[in-house]
Amino acid sequence: MASLGAVRIATWNVNSLRSRIDRVEALVQRHDVDVLALQETKAREDQLPLMGLQALGYDVAVAGTNQWNGVAIISRVGLEDVQVGFDGMPGYGEPVAAESRAIGAVCGGVRVWSVYVPNGRKPDDPHYHYKLEWLRTLRAEAQQWLDADAVIVGDWNVAPRDEDVFDMAQFAKSTHVTPPERAAFQAFLDDGWVDVVRPHTPGPDVYTYWDYYRQRFERNRGLRIDFILGSPSAAARVHHAFIDIDERAGHGASDHAPVIADLDGG
DNA sequence: ATGGTAGAGTGTCTA
């Protein structure tokens, strides 16, 4: 029986779970996180150091792990009906089709999908077209969850608005901001998915990712590309959300910050 | 246009 207790859900592109397992364990304790979706775990399942998280009371599900990406869900409020999606797309051979994954599970009565949307590389690259098709496929799959308490969280590799980019001129010939990518993201909103974090973290100059180069974080030159989208019923339960900017500071940080949303009891 | 940093693993590839 799915409960409707309050749930704190976090998503974080951790950029290697092995190199930052101590930070992950600290994060879930510091913020009392119930469900943590991870992206870019960058390791095979048998390489992941999960004992510490299990000792803290978390169940773990991982998928699609290779040296470049991989996703996971860590939950202490149940981990049921685990499903893996997008482990190979028609028309795209390896390694392109192995690039990205999604993993979903029911945690505390909420269907949670951890997604790593393909990067796309360059607008004229096959990976870019793969990214758009991947988003189309995810959207079609996601529509069946709209009537439930559901969230799609992760690294979307799309900056939906100009204010989500520190300098649009620098992205004139780049992915993440092209009209087709933004339309693909907007299509989720048109379907009824709600960005539950932006109202609590209004821009401009509010980001979730800062490149390691050129002291981008220190100068707050970043992108907002990590999102928590909620179905209408899940979004109605969100009363608080924030970006853990401090996690991005200092030596040994991921290039992304964790994004966290609180759902009250239904 | 290029390069800058970081993580995977030894060759570069990826972001």
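So you know, we letter chains A, B, ... as the sequences are listed, proteins then strands, and number each from 1.
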Tell me whether the side-chain N/O atoms of Arg18(A) come closer than 4.0 Å to OP1 or OP2 in dG7(B). no
Residues from residues 37-48 of chain A lying under 4.0 Å of DNA chain B - heavy atoms: Glu40(A), Lys42(A), Gln47(A)
Integer angstrom distance from the C1' of dG9(B) to that of dC13(B): 10 Å
Note, Leu229(A) side chain near Asp195(A) side chain (heavy atom, < 4.5 Å): yes
When the distance from CG of Asn13(A) to P of dT14(B) is rounded to whole Å, what number comes out? 17 Å
Does one side chain, of Asn15(A) or Ser254(A), offer a donor that lies under 3.5 Å from an acceptor on the other? no
Please report the distance separating the P of dT10(B) from the corresponding atom of dT14(B), rounded so that it comes out in whole Å. 14 Å
Return whichever of Leu17(A) or Asp255(A) has its heavy-atom-nearest nucleotide of DNA chain B closer to the 5' end. Leu17(A)
Under the ring pair (Phe, Tyr, Trp, His ring centres under 6.0 Å) rule, collect the residues that match up with Phe217(A), sequence neighbours excluded. Trp210(A)
Within this structure, what is the CZ-to-P distance between Arg23(A) and dA6(B), rounded to whole angstrom? 12 Å
Same-atom distance (P) from dA1(B) to dA6(B), integer angstrom: 27 Å
Length of the line joining Trp68(A):CH2 and dA15(B):C1', which is rounded to integer Å: 12 Å
Please tell me whether Asn13(A) and Glu40(A) have a donor and an acceptor in their side chains that are separated by less than 3.5 angstrom. yes
Which residue lies toward the 5' end of DNA chain B, His256(A) or Gly252(A), if each is placed at its nearest nucleotide? Gly252(A)
Measure CG/Asn69(A) against C1'/dT14(B) and give the value in whole Å, please. 9 Å
Send over the distance from Gln215(A) CD to dA6(B) C1', rounded to a whole Å. 15 Å
Counting heavy atoms not belonging to Glu25(A), are there more than 12 under 6.0 Å from its CD? yes
Arg20(A) has an atom CZ; how far is it from atom C1' of dT5(B), in whole Å? 12 Å
Can a donor-acceptor pair be found between the side chains of Thr201(A) and Arg224(A) at a distance below 3.5 Å? yes
